[in-house]
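This report refers to the structure that appears directly beneath it.
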Amino acid sequence: MTGLNIPNQPRILIVGQGAREHAIAWKLAQSPRRPTLFAAPGNPGMRAVCECLDVSAGDVEAVVDAAKQHRIDLVVVGPEQPLSLGLVDRLTQNGIRCFGPSQQAAELETSKAFAKALMKDAKVPTASYEVFTDAKAAQEYVKRCGAPIVIKADGLAAGKGVVVAQTVSEAESAIDDMMLEKRFGDAGAKLVVESFLEGTEVSLMFFVDDSAVVPMLPARDHKPVYDADRGPNTGGMGAFAPVSSFLEAGLTEVVESTIVHPALNTLKERGIHYRGVLYAGLMITANGPYVVEFNVRFGDPETEVVLPLLKTDLLEVLWAVSENRLSDVSVQWHDQAAVCVVLAAPGYPENPQTGSEITLSTGESDVVFHAGTASREGRLVTAGGRVLTVLGQAADLSKARGVAYGIVNQIYFDGKHFRTDIGLRTDLKQQ
Ligand code: AMP
Ligand code: GLY
């Protein structure tokens, strides 16, 4: 036990409504501290462990009011949007303890230009880049550089503001789309154009406060909608953890020393103290790990495979960070593997069709996180592109895959689709 001052049966509010928030709630519900859990707004699956409040995650003042009304001891913020709107700052001003970075620190995710400039200052390995506010100048730049090249909207675009262009004309239309057609609104008024990195991707998240930086287990997301990484990018079709090849190559320590510490120190030099989860989206290149993106929160779907493997009480870890006492906690992991498979609605990602009834013929111990679901007249129906995230946890990756896909077969809704190859490709080499 640590000397943390955690009240008996603490009241915890989880902000958000996806499978990531369901996984956080599910894990917190296992805490020996027996917390009382609330969600704003949560989802039908979370009702098994939380009281779901009719409060939107993006309504900062309503979340602050709900936290006061329900005498919340700790608020855990899931998605980036409330962070970008300054939820943590407002909660702190109101004397409410919370887990997540300030609005200023959240710029690491909310502005790609900010993140790139910080990385340049901190000498963190990342793709070379230029920032543009003028479409013509951006077009000329991509002509000069040639393809492949990567075009990124500066602001938040729900994970869809990145185009990896294989040809110059593809890059040009991406620039037109973002800057002239304003596909992502103001988020595309500024663009980052960066060089293409070759390698394989790994996500590594860290618990961070002023006292310590603690890595979680490395995970791999699967973004394209179809098997073998074909089709358009999605919010993530599944994940697995740990990426053993990454651990065996000692890359966690490399990322800590070449990426995370320099970035956090450079933020500190600017007066920004980071607290919460820092997510490094990495490309493992022939020259080592490079940063593709930073996120300022738990990744989705990575969280659904990483948190199940956490042996230490998540409540203690989150509480310690909120007190700047992470160094007092020893964070331990299970020697197991986890795989999660996302079940998507037909038409996802372009045009998901929703409103179909869901039948879950799953067993007591099967773990299914909800995302795009709703209850309608007592029935569970699809209500979003990514509907459910199914977890398999076992002694090794192949067994975890078996568990996950076994559960997938017990779930029915019209047009359900999913990838069948989650967790099959575990190496770090280019194919
Ligand atoms: P992001 O939203 O920045 O993570 O980008 C979405 C996806 O685009 C990443 O997961 C990568 O697959 C790809 N991507 C982003 N930047 C690069 C880059 N510089 N080189 C190659 N692929 C990239
Ligand atoms: N898995 C990528 C993200 O959470 O943004």
Side-chain angles (χ1 to χ4, degrees), residues 16-23 39 41-48 52 54 56-58 78-81 153 156-163 174 177-178 181-185 187-188 221-239 299-304 339-362 366-392 404-422:
Q17 63 193 114
R20 164 185 52 206
E21 287 75 22
H22 191 174
N43 63 40
M46 291 170 79
R47 279 186 207 139
C52 291
D54 187 16
S56 151
E80 62 276 19
Q81 193 218 10
L156 290 182
K160 298 186 181 101
V162 174
V163 173
D177 208 31
M178 291 183 197
E181 308 286 328
K182 300 196 188 325
R183 170 132 179 252
F184 304 112
D221 188 1
H222 295 63
K223 283 191 175 132
V225 66
Y226 302 125
D227 281 5
D229 286 341
R230 287 175 302 111
N233 266 350
T234 66
M237 293 297 289
D300 191 356
E302 289 90 338
T303 301
E304 294 95 292
V339 169
C340 74
V341 179
V342 170
L343 303 184
Y348 180 72
E350 284 96 356
N351 183 23
Q353 289 140 46
T354 59
S356 301
E357 184 160 2
I358 303 168
T359 315
L360 287 158
S361 321
T362 47
D366 294 343
V367 182
V368 180
F369 300 123
H370 288 225
T373 66
S375 327
R376 200 176 292 160
E377 290 151 15
R379 293 176 313 136
L380 189 66
V381 298
T382 60
R386 289 192 294 172
V387 178
L388 297 163
T389 301
V390 172
L391 172 68
Y405 283 104
I407 301 171
V408 164
N409 290 328
Q410 305 303 313
I411 300 173
Y412 304 90
F413 58 85
D414 282 345
K416 156 186 120 180
H417 70 96
F418 56 93
R419 281 183 60 157
T420 65
D421 63 348
I422 307 297

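What you see is a predicted model, and the numbers here were worked out from it, not measured in a lab.
For the side-chain contact (heavy atoms from CB on, under 4.5 Å) test with K416, the passing option among L388, V408, V387 is V408; the others fail.
Counting non-hydrogen atoms of neighbouring residues, nucleotides and ligands closer than 6.0 angstrom, the CG atom of D54 reaches no more than 12 such neighbours. Within 6.0 Å of OH in Y226 there are 12 or fewer heavy atoms belonging to other residues, nucleotides or ligands.
The closest donor-acceptor contact from the side chain of H222 to the backbone of G236 lies at 3.5 Å or more, if one exists at all. A distance-only check finds a donor-acceptor pair linking the side chain of E21 to the backbone of G18 [under 3.5 Å]. In terms of modelled atom types and a separation under 3.5 Å, the side chain of R419 and the main chain of P224 share a donor-acceptor contact. Although no hydrogens or angles enter the test, the distance criterion places a donor-acceptor pair under 3.5 Å between the side chain of R386 and the main chain of G235. Between the side chain of D421 and the backbone N or O of D227 there is no donor-acceptor pair closer than 3.5 Å. With hydrogens and angles disregarded, a donor-acceptor distance shorter than 3.5 Å links the side chain of T382 to the backbone of S356.
Contact record, D300 with A19: OD2-N, 4.3 Å, taken as the closest heavy-atom pair. The two atoms that bring Q81 and G58 nearest to each other are OE1-CA, 3.5 Å, heavy atoms only. The two atoms that bring R47 and C52 nearest to each other are CG-SG, 3.7 Å, heavy atoms only. Residues Y405 and T420 share a closest heavy-atom pair of OH-C, 3.2 Å. Pairing each heavy atom of A383 with each of A374, the nearest pair is CB-CB, 3.7 Å. A345 and P352 get closest at one heavy-atom pair: CB-CB, 4.3 Å.
Atoms OG1 and CG, on T362 and N409 in that order, are 12.5 Å from each other to the nearest 0.5 Å. For the atom pair CG (L380) and OG1 (T359), the distance works out to 9.0 Å, reported to the nearest 0.5 Å. Put simply, CD1 on I407 and CG on L360 are 10.5 Å apart, with the number rounded to the nearest 0.5 Å. Between atom CE of residue M237 and atom CD1 of residue I422 there is a gap of 7.0 Å, rounded to the nearest 0.5 Å.
Annotation: side chain of F418 is not in contact with side chain of V390 (no heavy-atom distance under 4.5 Å). By the 4.5 Å heavy-atom criterion applied to side chains, P79 and Q17 are not counted as neighbours. Between T354 and V381, every side-chain heavy-atom pair lies at or beyond the 4.5 Å cut-off. A 4.5 Å side-chain heavy-atom check between V225 and P349 finds at least one atom pair inside the cut-off.
Below 30°, between 30° and 60°, or above 60°: for H22 and F369 the angle between ring planes is above 60°, a perpendicular geometry.
Counted by atom type alone, N43 and T373 present zero donor-acceptor pairs between their side chains at under 3.5 Å.
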